[in-house]
Structure formats: C-alpha cells, structure tokens
2 protein chains.
Amino acid sequence: MSDRARTISTDASSLAERIRNDMQSFTPSEKRAAHVLLSHYPFAGLDTVAEFAARAGISAPSVLRFVTRLGFGGFPDFQKHLREELEAQLLSPLAKAHPPARGHGAPALASFADAVAANLRATVENIAPAEFDSVVTLLSEQRRHLHFTGGRFTGALARYAESHFRIVRSHVDFIDGQPAHWRDRMIEIGRKDVIVAYDIRRYQEDVIALCETAAKQGATVVLLTDPWLSPIARVASHVLPAHVTAPSNWDSSAGLLLLTEALIAAVTKRLWNSAKPRMEAVERLRGKL
Amino acid sequence: MSDRARTISTDASSLAERIRNDMQSFTPSEKRAAHVLLSHYPFAGLDTVAEFAARAGISAPSVLRFVTRLGFGGFPDFQKHLREELEAQLLSPLAKAHPPARGHGAPALASFADAVAANLRATVENIAPAEFDSVVTLLSEQRRHLHFTGGRFTGALARYAESHFRIVRSHVDFIDGQPAHWRDRMIEIGRKDVIVAYDIRRYQEDVIALCETAAKQGATVVLLTDPWLSPIARVASHVLPAHVTAPSNWDSSAGLLLLTEALIAAVTKRLWNSAKPRMEAVERLRGKL
DNA sequence: CAAAACCTGTATCAAAAATTCCAGAATAAG
DNA sequence: CTTATTCTGGAATTTTTGATACAGGTTTTG
C-alpha cells in the first residue's frame, strides 16, 4: 500500500466521521476495529484494549496499531479524546438532533432511510390498534393451522414470517404462490386454517386465486398489502396495509417487515409458556448439528 | 457514626440521584469527591483514580473508599456503571422525545416501530459511505456473477434481494445455505463471482463455510451482518453492519432490509440503461401468463 | 514464479493503575 | 483533659493494562 493511501484526513470534525472517510485505506483488522467502534460509538472505545480487541475479534496489538494510525499517541490519548468529544456533544443537546450532517458521500442511503422511516411511521399511524390485536389473537390460536404465502417479491417476507412462527408454535407452513404447488394441498384447507398472504401492487394473480379458493372453503385470510389494497382484501377478514413508496424504481417492503416482526414479537410473547421450551429445543438441536 | 447513617439508599434510578440523597451521610472528603463528581457528572468519574483525587483535592484511597461506600466492588466497577448509564441515556433519544405517552391501545406496535426506526438511523450512521458505494459498484459489474445466500432467517432476505437483482441484471442466483445444496456448485465459483451473504448472530456454520470456501477460490464476499460481525467478516472484502436489537425475543432484520433495498435502488439506477428494457420485458411476459 | 513488503498474532516486558496497610491527625466522647 | 473512635493520606504492594519485539503467514510486486 502506498504512502499516499496511508494518509489520514484531518479535516473532519468528529473522529467517527474521519474514520468513515478513511475506511477504505484501513487494513482488514483495522476495518474490523473501525466497524466495532462505529457501531457502538464511542462506547466501544472506552473499555480496555483487551475488551475492544475481543469485541472486534482481533488482537490487542492490532487495536493499538489502529489508534496509532488514527494519530493518537497511545490508547489513553485515544480514550481521552473520545471522552472529551462525548462530553462536548452531550453538553449541547442541539448537536444530537441532527448529529452527522449528511456529507456528499452517501446521500442515497441516507435519504432512502429517511423515506423508509417515514413509511414506517405512516404505516403505524394507519393501522387500527384493534385490527392489529385481533390478528395477534388469531395467530396465537394453537389449534389453527397457519399458512404463509406471497408473491414474486413478497414471498420472501412470507418465508421470513414462516421461519419464525414455525419455531414459536406448531402447524405452520409456507405455500408457494404458484398454483402447481398448492392445487392439491387445497383439499385440506378449511375452517381451521388461516392464510397469511403478502401482496402489494402488481398484485399477483396466483396469490389472489389461492386466497379466494381458501376463503371459499372457509379459511380465514389475513392480508398484508399496500395502501391501495390488493383484491384479496375482498375475501380477507383482516387487512394490514403498509406504506411502500420509496425513492427507487421499486417499492419498499420495510413497512411489511415491520408489521411482520411486530406480529412475531407479540405472538411470541403471548404464547411464551409454550414458545420458550420450543425455542430452547431448537437451540439444543442447533448445537448437535 | 452509626450504622444507620452508613446505609445507602437503593431506590434511586440514577447514581447521581442516589449520591444527592446520601450526601449528608458522607465524611468530609467523601463530600468533596461527591461534589466534584456531580459537578461534572459523569465525566469526572471516567478518569483515573489519581486524576479524580487530584481534582477533588483528596487522596486516592479516599476516592476508593468513596466508591466502595456507593456499593461498587472497585473503581473499574464504578466506571463501568457510569459508562453504561451514560450509554443508556444517550442511546434513547427516542425514549426521551416520546416519553411514555402512548395509550394502552397499540403500545406494542408503536414502540416496536420506534425501536426499528432507531435501528435504521443507527445503521445508516454507521455505514461508511465509501463502503456502501464500493458495494454498489461491485454489484453493478455485469460481467460478475452474483450469488445470494443467508441463514435460517436471513435467507429470506437473500431471496428478496435475489428476486430483485435477477430482474435488474443477469447472472444472479440464490444459493441455499445447506452444504448439500452448494457442494457441487462450488467448483464453478471463482474470481468472477460475488457472494452476498446475510448472517446475523447465532451465526450459521454452513453459511460461514460456504463463504470461506468461496473466498478461498477467489470469489469476492460481501457481508451483511449485525454490529458484532459474523465470522464471515474475516474473509469478506466488504462488510455492511446493521443494528438488529428490538423489544422482542427476536432480532429485527429491518436494518438489513433497508440496506438491501438501498443497494437494489442504487444498482438499478446505475444500470438503468440495461435494466429498463429488462424490467419492461418482464412486464410483458407477466401479462402473457 | 520468486522476492519483497506488509499484515497480524503470540509472547514478553514495562508502565501505570488500583488496592491495601498502617501510622498519624482530627474529631468526638467521657 | 484524656481516651477512644474515626478519618485521612503516604507509601508499599499487587493487579491490570498498555506497549513492543519478533516470527509466521499473506498479499503484492516485479
């Protein structure tokens, strides 16, 4: 590596900022140190060298080299700087409101995140608490069978939900959206079944057909969709809409994921007595393999 | 002095509060220590014993007795407590902004959303712009082959990414984490390949093995993980950590989804000339089926 | 493909820090 | 005023922590 690349930028107000700027010039272990520090900034640096090294999965000398590279005379110097920075920041509450003024670097990521955060907020505000609760209750009924399904993109979310619920309770499965895969399964679907379907715009014919068929046979349908509502809403007994627009050519599923994770958390909590031993059993099995 | 006066109150949330309560029971030198600590709380306590003693104009042993009296096992214990208190206070700007003013209706969903939003923000702030950009560049190189993979839960995210990238560009696929599924595929993996791996705590052996094997054969590994970094980070050339803690028995993947969608958006934009016709073609095919 | 440069961890050492001991000073009680 | 108790700081001790030298291993370069 050339001397030029070794140079450390000095025109940054915060140490964190400087580290982010120089990230590409770091060696692998230095990068790990940097990541750990930034992920818990600045507290990760206030422990001892050994602790820091352990967290980053590198050796103590590598940590020392890292702080030396940052321009400090030694680890105590480095810690002193962190403390002073922290103190200065803490004494000005305003500084916290908009901490890192967004540089030219990655406005893409930052503005995307802002849009997604706005979506989350809008999603929460537009969900009727009662509706959410009744879905939680429904998914917590152990005698019912849960079937998750979704479209081209949202299928991944359905899988995500299924992989969690499968551990929390029994009678949980995933149904692939394509008719060829579920045609024969449908004969077993009835009143005892709950279909949790994910479908956002460019609503998918096969998923719609699946839900209509299931509903006709007496199954309960829970729909997670966008604010314009998939046609599945007609046959669904519960609808949870999420905002999906983002500065992208694609819709964002973050709102749907939020609802999904909130449902998982709520149901896990409600079924804790039976979920806990199941989770522990999974944990034990994991160790054996 | 009686035993009664020596008792330390325990029903105080903050250490500072407790010290104020028990101030009258302190000896003269302890009072000096307490005053110095409170006047620069908690930073006066984060220095060394000697420094603290000098500032308070007392001796080191007096400082030690002071912290022992407060109920700590030693000075390091005391400092650790201060750091943790500070961290908790600093990391919950949301908790302070929206106190506990939430109705009984849907506190679960709302507070969950707050936590997720905080995660997203923390995630963005800790990603080095340069790192993000270089991943975008990497994923935009059409001659490379992209392989997405993930663990038990994160596999769904990998699928989500794959289903989008598959449309934007060619040479994209999903690799199931289980060794049985990828063993024979590995012979074709080499310098031209990029592995995009999702792995968060309870890091999964098979995914790690996959990445190590691929890296050994010259493939480039991009890792999306939590702030504690999967062991895959060792062989990864790019690491994007996302915050995952949530008020749940499970981790939240919202940060990972955010990064994923931001990557999809950025790559789509960069490859727009070739992506647009591909997306239109998919649209036409959809209508025919 | 060989050589050089570089990165990283182990083992070791030196320094600094925390802690303990004890004697003297201050204070309170008798 | 004397005595007992408590408080305090200097100095010694022990533990912890940061720093360094060196060698194995990796990557880069020619």
Side-chain angles (χ1 to χ4, degrees), chain A residues 1-7 22-37 44-83, chain B residues 1-6 22-36 44-83 191 212 215-221 229 231 233-237:
Chain A
M1 200 169 272
S2 71
D3 282 349
R4 177 184 43 76
R6 292 264 122 180
T7 305
D22 298 329
M23 185 65 82
Q24 79 288 347
S25 76
F26 291 156
T27 70
S29 62
E30 282 170 347
K31 274 184 187 156
R32 300 184 67 169
H35 275 126
V36 169
L37 177 59
L46 293 179
D47 265 311
T48 66
V49 170
E51 183 91 10
F52 189 177
R55 278 212 215 184
I58 59 180
S59 69
S62 292
V63 172
L64 270 300
R65 283 186 286 262
F66 174 63
V67 303
T68 301
R69 167 80 79 81
L70 291 176
F72 297 100
F75 199 74
D77 270 11
F78 166 71
Q79 289 192 318
K80 190 178 176 192
H81 178 91
L82 288 182
R83 281 202 307 266
Chain B
M1 201 168 273
S2 72
D3 282 349
R4 179 185 43 77
R6 292 262 120 184
D22 299 329
M23 185 66 84
Q24 83 290 345
S25 76
F26 291 154
T27 70
S29 62
E30 283 170 349
K31 274 182 187 157
R32 301 184 68 169
H35 276 126
V36 169
L46 293 179
D47 266 311
T48 67
V49 171
E51 183 92 9
F52 190 175
R55 278 211 216 182
I58 59 180
S59 71
S62 293
V63 171
L64 269 301
R65 282 187 286 264
F66 173 63
V67 303
T68 301
R69 169 81 75 82
L70 291 176
F72 297 99
F75 199 74
D77 270 11
F78 167 70
Q79 289 192 318
K80 190 179 177 192
H81 177 92
L82 288 181
R83 282 201 307 263
R191 294 194 182 283
E212 285 174 344
K216 201 167 293 174
Q217 298 188 17
T220 305
V221 176
L229 301 190
R234 286 193 314 242
V235 299
S237 43

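Lettering of chains follows the sequences in order, A, B, ..., and the numbering in each one begins at 1. All values reported here derive from a predicted model rather than from experimental measurement.
Separating the NZ atom of Lys31(B) from the C1' atom of dT27(C) is a distance of 14 Å, rounded to the nearest angstrom. Leu46(B) has its CG atom 12 Å from the P atom of dA18(C), to the nearest Å. Going from atom CZ of Phe66(B) over to atom P of dT8(D) covers 12 Å, rounded to whole Å. Atom-to-atom, CZ of Phe52(B) to C1' of dA18(C) comes out at 15 Å; the value is rounded to the nearest Å. Regarding Ile58(A), its CD1 atom lies at a distance of 7 Å from the P atom of dG9(C), rounded to whole Å. Glu51(B) places its CD atom 9 Å from the P atom of dA17(C), with the value rounded to the nearest Å. Distance CZ (Arg69(B)) to C1' (dT8(D)): 13 Å, rounded to an integer number of Å.
The shortest distance between side-chain heavy atoms of Phe78(B) and Val63(B) does not fall below 4.5 Å. Looking at heavy atoms from C-beta onward, Phe66(A) lies out of side-chain contact with Ile58(A) at the 4.5 angstrom threshold. Residues Thr27(B) and Arg69(B) meet the side-chain proximity criterion, which asks for heavy atoms closer than 4.5 Å.
Using cut-offs of 30° and 60° on the angle between ring planes, the pair Phe75(A) and Phe52(A) is tilted.
Close to dC7(C), at under 4.0 Å from its OP1 or OP2, lies no side-chain N or O of Ser29(A). For dC7(D), neither phosphate oxygen OP1 nor OP2 lies less than 4.0 angstrom from any side-chain nitrogen or oxygen of Thr27(B).
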For nucleotides 13-23 of chain D, read 5' to 3', which letter fits each nucleotide if B means a protein heavy atom sits under 4.0 Å from the base, S means only the sugar-phosphate is that close, and - means neither?
----SSSB---

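For Gln79(B) (side chain) and Asp47(B) (main-chain N/O), a donor-acceptor pair under 3.5 Å exists by modelled atom type. Judged by distance alone, the side chain of Glu30(A) and the main-chain N or O of Ser62(A) form no donor-acceptor pair under 3.5 Å.
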